[in-house]
Amino acid sequence: MKEKVVTGITATGKLTLGNYIGAIKNMIKMQNEYDMYIFVADLHALTTYIDPKILKENKKNILALYLACGLDANKVTLFYQSDISAHSELNWLITTITNTGELSRMTQFKDKSQNIVKQENGTEMIPTGLFVYPALMAADIILYNPKYVPVGIDQKQHLELCQKLVKRMNKKYNLDFNEPRPIIPQLGAKIKSLQNPENKMSKSDKNENASIYLLDKPEVAYKKIQKAITDSENKIYISEDKPGVLNLLTIYASLKNINLEESERYFKDKDYKELKEEVGSVVKEFLEQLQEKYNKVLNSIDEIAKNGANKAREIANQNLLKIQKAFGIK
Ligand code: TYM
């Protein structure tokens, strides 16, 4: 029997090239070998306010982009998180074994809650949902009892907490769930913002030029690469001290399916203008192909999500019942 794999993407915004390189690419690589459950995390998207109309659009876009990027609905199970009520039910049980100290140490919580405080002019309006976000994420995972969870590096801390919670739950309630292991890509585990290459490229960045969105017009994406922040040296080589250049070399390598050193060698005698032109062209071509496929799959996503949910629900409910019985409520 194939080992199980689970992962998801939060529907907070439009998907970026970072989501593709850091997460979706690995999902595609794994789809022939594993029994994969891949969802759109719409419940997680509610942890900071989002316009309901936009959330609805984002959900569909992400499901269609999963397919357009190369996931095959005949091989993997694709669904919306909120279609499976077991996610919310297990979430509650998981919060009962999660310490507040563990949640307050999550760097993503610290970052996001700080932003909220700033936006609200000093009034502390931090939703409890944002605080318990990692418990819901652990529930998402545990429901399918996977061996692996492919993610970018920013989710590593959440995964480590999930492992801890599984261990605790197993011990406390005499269960035998797997401690899931993250699968983090060697190349592109953290694609950086084009405007501030110290930070990650993010769906929710306010500066449109900082991220390449998978649904950006290809010419717009090309221009964003031309505007990417680098440094003044105009020499191309791999160095952590040159995060802008390293980011462009990484994007090029990932989209060309070569390693970082090959990418460096290719650009060795070129200047930043040539680097940006070549990376821009590769990104533009990638988006053109992706978007052609995206338009073709749009009509089929409702059916795919429905079938996916039916399959996922069966497994999720079985594992939920097992845990409910162990906790003593069934
Ligand atoms: P999210 O939606 O922020 O990101 C989805 C996936 O994309 C990866 N990623 C990146 N990788 C490289 N460079 C970047 N700039 C970049 N930005 C994002 C993320 O690491 C992630 O793998 N909490 C999760 C969603 C989630 C989930 C789960 C994941 C909910 N439940 C259960 C796995 C298992 C999140 O917000 O990812």
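Side chains included, hydrogens not; waters and symmetry mates left out as well; all remaining heavy atoms used. Note that ligands are numbered from 1 as they come in the structure, with each ligand's atoms numbered from 1 the same way.
For atom 22 (O) of ligand 1, the closest non-hydrogen atom of the protein is G152 N, 3.0 Å. When only non-hydrogen protein atoms are considered, atom 6 (C) of ligand 1 lies nearest to A23 CB, 3.6 Å. Taking atom 37 (O) of ligand 1 as the reference point, the nearest protein heavy-atom neighbour is Q155 NE2, 3.6 Å. Of all protein heavy atoms, the one closest to atom 35 (C) of ligand 1 is T10 OG1, 3.2 Å. For atom 9 (N) of ligand 1, the nearest non-hydrogen atom of the protein is N19 ND2, 3.7 Å. Of all protein heavy atoms, the one closest to atom 13 (N) of ligand 1 is I191 N, 2.8 Å. Remark: minimum distance from atom 1 (P) of ligand 1 to any protein heavy atom is reached at K203 NZ, 3.5 Å. The protein non-hydrogen atom at the shortest distance from atom 20 (O) of ligand 1 is D154 OD1, 2.4 Å.
Counting the atoms of ligand 1 from 1 in the order shown, those under 4.0 Å from a heavy atom of H44 are 30 (C), 31 (N). Set against the non-hydrogen atoms of M201, the atoms of ligand 1 under 4.0 Å away are 14 (C), 15 (N), 17 (N). Close contacts between ligand 1 and G188 involve ligand atoms 12 (C) [criterion: under 4.0 Å to a heavy atom].
At a heavy-atom distance under 4.0 Å, only side-chain atoms of D140, from C-beta outward, approach ligand 1. The part of A189 lying near ligand 1 is the backbone, judged by heavy-atom distances below 4.0 Å. Contact annotation: for V149 versus ligand 1, heavy atoms closer than 4.0 Å belong to the side chain alone.
A side-chain donor-acceptor contact under 3.5 Å links S202 and S204. Residues D42 and S82 have side chains that bring a donor and an acceptor to within less than 3.5 angstrom of each other.
Residues P197 and V245 fail the side-chain proximity criterion, which asks for heavy atoms closer than 4.5 Å.
E264 and K268 are not joined by a salt bridge, as no carboxylate oxygen comes within less than 4.0 angstrom of a charged side-chain nitrogen. A salt bridge is absent between K235 and D271: the closest approach of a Lys/Arg side-chain nitrogen to an acidic carboxylate oxygen does not fall below 4.0 angstrom.
Taking the six-membered ring where the residue is Trp, the centroids of Y144 and H87 are separated by under 6.0 Å. Aromatic rings from Y252 and Y266 are positioned such that their centres are separated by under 6.0 Å. Taking the six-membered ring for Trp, F109 and Y133 have ring centres at least 6.0 Å apart.
Y173 and F327 have parallel rings, their planes meeting at less than 30° on a 0 to 90° scale where 60° marks the start of perpendicular.
When only interatomic distances are considered, the shortest N/O to N/O separation between F39 and ligand 1 does not fall below 3.5 Å. Between K200 and ligand 1, no pair of N/O atoms sits closer than 3.5 Å. Close N/O approach between Y133 and ligand 1 is found [any backbone or side-chain N/O within under 3.5 Å]. Of the N or O atoms in I141, none lie within a sub-3.5 Å distance of an N or O in ligand 1.
A heavy-atom separation below 4.0 Å is not found between I21 and ligand 1.
For the pair K4 and Y37, the NZ or CZ position fails the cation-pi test of under 6.0 Å to the six-membered ring centre and within 45 degrees of the ring normal. Geometric assessment of K276 against the ring of Y222 yields a negative cation-pi assignment under the 6.0 Å and 45° thresholds.
Of the listed residues (I191, V282, I212), just one forms a side chain to side chain contact (heavy atoms under 4.5 Å, CB included) with I251, and that residue is I191.
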